[in-house]
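Heads up, the thing below is written out as structure tokens.
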Amino acid sequence: MNATLPVLETQDLTIRFGGHVAVNKVTCAFLPGTLTAIVGPNGAGKTTYFNLISGQLAASAGQVLVRGKDVTRLPASARTRRGLGRAFQLTNLFPNLTVFENIRLAVQARASAGLSLLTLWTDRRDLMHVAGIILDRVRLADKHETIAGALPHGDQRKLEIALLIALEPDVFMFDEPTAGMSMDEVPNVLEIIGELKRDAAKTILLVEHKMDVVRSLAGRIIVLHNGMLVADGPPAEVMASAIVREAYLGQELDDA
Amino acid sequence: MFGRVLSGDYPRSPILTGALLLILFVLAFAPFLFTGAQPLNVAAKICVFILLVASYDLLLGYTGIVSFAHTMFFGIGGYGAAIALSRLGPSWAALALGIVAAIAVAGTLALLIGLFSLRVRAIFFAMITLAVATAFLVLASQLSGFTGGEDGLNYTVPELLRPSFRLFAEPIFGTIVNGRIVTYYIVFFIALAGFLLLLRVVNSPFGSVLQAIRENEFRAEALGYPVVVYRSFASVVSAVMAALAGILLALWLRYTGPDTTLSFAIMIDVLLMVVIGGMGTLYGAVIGATLMTIAESYLPAIMGSLGKVGAGIPFLSTLLSADRWLLWLGILFILSVYFFPTGIVGKLRAHWQNKRHGTAQRQDSSTPGDSGNTRPSN
């Protein structure tokens, strides 16, 4: 077993919107058991980079590799089945289904049970059981019958994370998981991500603005600026580099 | 046990439960409850349309697909049985061949249309189905050597199903059980079985995925569900059930023509039945199909007698004339959509839920077409 092979790589990954290059030749590899924070100013291309990896956008040039296999031409659903799991920045749920039904959809996607037409989903006790565990884990058990669209914002963010956990991906992609959450809800989310991080087989990518969150979780930071990768390394090193200070981090570092 | 038959999907409203039981009872005993041909005709038509509308709701209400080709699949079923019976003679083998061929053609065509066109936006898909259905209608009217053209096909059904056939020598409850009644019960039980099968499909893991696609196809794709494949499968199931409904109608009428199966008037009827009953709930199909079929069958007669009452008054007599029944049906439709946007079933369920909990209830309706953009605002 070779643990040092990257589970996910991007090679010269590029997307152009008209004349604007939103992500510009980003080459980067992610190893199992690591948590990488992706930082950069607004409009730097962080979410676009995520969309290229998980397949919501099609690359103009370059490649996305999962365990060395090219997935650049695959649709989002096929990439998810190859182990890339994605949570979204803007909450992106099934608004008229209950919390439990939302989670169950992710659980049954993981179990590839979606094409059984004649079993009742209530008979899939195995799936119901897993969904119940995840419900507890994100502390939404008391709201399992609530319609997702009627949840308060913080709970919708938790459900968003629950859907990602339920997929049991090899690569977890969190896009600002704590955005818009109240201060007392943030530790809860960090705890969940911390738990995932302890699993040596999992790779976590995290887009995050809050530098204290980044420092407490990340073993590595990459910095995007104008679509280009401008810095890559351990947090202390990256935060100390001149180019990063200039591009983005100045203010947060002064505060620290 | 009862819960399993209903796939755990209960009516969730006492009024609705009562209405459904009443419909079930009347349809189950229609041959013994009424005399004369018309009530049994209406009952058989209701059975056929419940299956047809329920299969359409699988597309429109559950998956959020707008298709105008549903009557095409209905017609494929009808013509499949009709052509087989008229060419090969009134045998069960001919009928079986017709059924198998119709279901195979309907399923294949639905799969092809789905795989080729369900990638495009909902509005374009609707246009494509409209084009295909129109082409099919023209084809059916032009290939008169094969389909009977505008005149359609008259044929003889197997002996067991003919009016002259007697199942029992003695009348049962004062009714002679002839081939028509046997045919009625075949229609009734197959429609019932088809409906319960669809109820199971919408409550299966597959059914959940369809609703997820309706709610947010972008996220369904991100969870690993290939949306085009699921939509195409839903179209196939829906098309096969519609073809089955067409076969039942062909057996009942002993006639199949463009006006009984393929016409756009029927497509609009089906749409109205889904919307009036309530999208995204199969019980809505039962309520919608029953109400509309009864209205269409009896409104002209009621209007006729009302027209006689108002004969002396100049303007009123015009309004109430039997020819104006469509106008009144239109007004009924507008009123019901205005007052019950979630359909009758949606309204009844919301009413009961408010009564019990007084809390915010599930919005059972969703507008097809905007399914990809449904995002809660942050």
Side-chain angles (χ1 to χ4, degrees), chain A residues 51 54-56 75-98 101-102 104-124 127 145-151 153 156-157 160 163-164 166-167 169 179-180, chain B residues 3-9 58 64 119 196-230 233-234 236-237 280 342 357 359-367 370-378:
Chain A
N51 283 338
S54 55
Q56 272 74 33
S77 55
R79 297 189 200 189
T80 304
R81 292 197 299 276
R82 278 168 178 71
L84 295 183
R86 169 82 192 272
F88 292 85
Q89 182 183 9
L90 295 175
T91 304
N92 198 337
L93 305 164
F94 305 107
N96 287 320
L97 305 181
T98 65
E101 286 169 329
N102 267 270
R104 210 194 58 221
L105 276 163
V107 172
Q108 94 184 21
R110 167 70 190 164
S112 306
L115 279 175
S116 54
L117 274 73
L118 297 179
T119 32
L120 288 183
W121 63 256
T122 42
D123 285 345
R124 291 299 303 261
L127 302 185
E145 282 287 357
T146 309
I147 301 304
L151 287 174
H153 178 75
Q156 292 198 0
R157 301 296 305 162
E160 179 74 41
L163 293 190
L164 177 55
L167 283 177
Chain B
R4 291 204 71 80
V5 173
L6 294 182
S7 302
D9 190 349
L58 182 71
R119 291 171 195 282
L196 292 175
L197 189 72
L198 282 169
L199 201 58
R200 171 145 292 224
V201 169
V202 300
N203 287 293
S204 70
F206 178 74
S208 312
V209 179
L210 298 188
Q211 291 171 64
I213 290 171
R214 175 194 74 195
E215 292 287 306
N216 187 344
E217 70 171 271
F218 174 82
R219 188 58 192 261
E221 180 83 29
L223 283 182
Y225 296 115
V227 168
V228 175
V229 173
Y230 277 87
F233 267 53
V236 170
V237 173
T342 54
H357 304 296
T359 50
Q361 73 281 342
R362 172 194 296 243
Q363 296 273 299
D364 253 330
S365 79
S366 81
T367 322
D370 70 357
S371 52
N373 317 321
T374 327
R375 308 264 197 285
S377 53
N378 289 302

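Every chain is numbered from 1 and lettered A, B, ... according to where its sequence line falls, protein lines coming before strand lines. For the numbers below, each heavy atom of this structure counts, side chains included, while hydrogens, waters and symmetry mates do not. Just so we're clear, the structure is a prediction, and the values are computed from it rather than from any experiment.
- No donor-acceptor pair under 3.5 Å is formed between the side chain of B:Ser204 and the backbone N or O of A:Leu118.
- Listed here is the closest heavy atom pair of A:Ser77 and B:Pro226: OG-CA, 3.5 Å.
- A:Ser54 does not touch chain B: none of its heavy atoms, backbone or side chain, sits under 4.5 Å away.
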Take A:Glu101 and B:Ser208 through the side-chain contact (heavy atoms from CB on, under 4.5 Å) test and state the conclusion after the steps. CA-CA 8 Å; A:Glu101 286 169 329; B:Ser208 312; over 6 Å; no

Before giving the answer on side-chain contact (heavy atoms from CB on, under 4.5 Å), spell out for A:Trp121 and B:Phe206 the whole-Å C-alpha distance, their side-chain angles and the decisive distance to 0.1 Å. CA-CA 9 Å; A:Trp121 63 256; B:Phe206 178 74; over 6 Å; no

Could you please spell out the steps behind the side-chain contact (heavy atoms from CB on, under 4.5 Å) verdict for A:Thr80 and B:Leu223? CA-CA 6 Å; A:Thr80 304; B:Leu223 283 182; 5.6 Å; no

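- Of all heavy-atom pairs spanning A:Gln56 and B:Ala222, the tightest one is NE2-CB, 3.6 Å.
- The salt bridge (charged side-chain N to carboxylate O under 4.0 Å, His left out) check on B:Arg219 picks up A:Glu160, with sequence neighbours excluded.
- Here B:Asn203 is the residue among B:Asn203, B:Asp9, B:Val201, B:Val209 with the most heavy-atom pairs under 4.5 Å with chain A.
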Could you go through the side-chain contact (heavy atoms from CB on, under 4.5 Å) check for B:Tyr230 and A:Leu115 one step at a time? CA-CA 8 Å; B:Tyr230 277 87; A:Leu115 279 175; 3.7 Å; yes

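- Ranked by heavy-atom pairs under 4.5 Å with chain B, the list A:Ala78, A:Ser116, A:Ala76, A:Ala166 is led by A:Ser116.
- Using a 4.5 Å cut-off between heavy atoms, B:Phe233 touches chain A through its side chain atoms alone.
- No donor-acceptor distance shorter than 3.5 angstrom exists from the side chain of B:Tyr225 to the backbone of A:Gly114, with no hydrogens or angles considered.
- Contact between A:Pro75 and B:Glu221 at its shortest, heavy atoms only, is CB-OE2, 3.7 Å.
- A distance-only check finds no donor-acceptor pair linking the side chain of B:Asn216 to the backbone of A:Phe94 [under 3.5 Å].
- The CG atom of A:Leu97 sits 4.5 Å away from the CD atom of B:Glu215 when rounded to the nearest 0.5 Å.
- Contacts of B:Val227 with chain A are absent, with no heavy-atom separation under 4.5 Å from either backbone or side chain.
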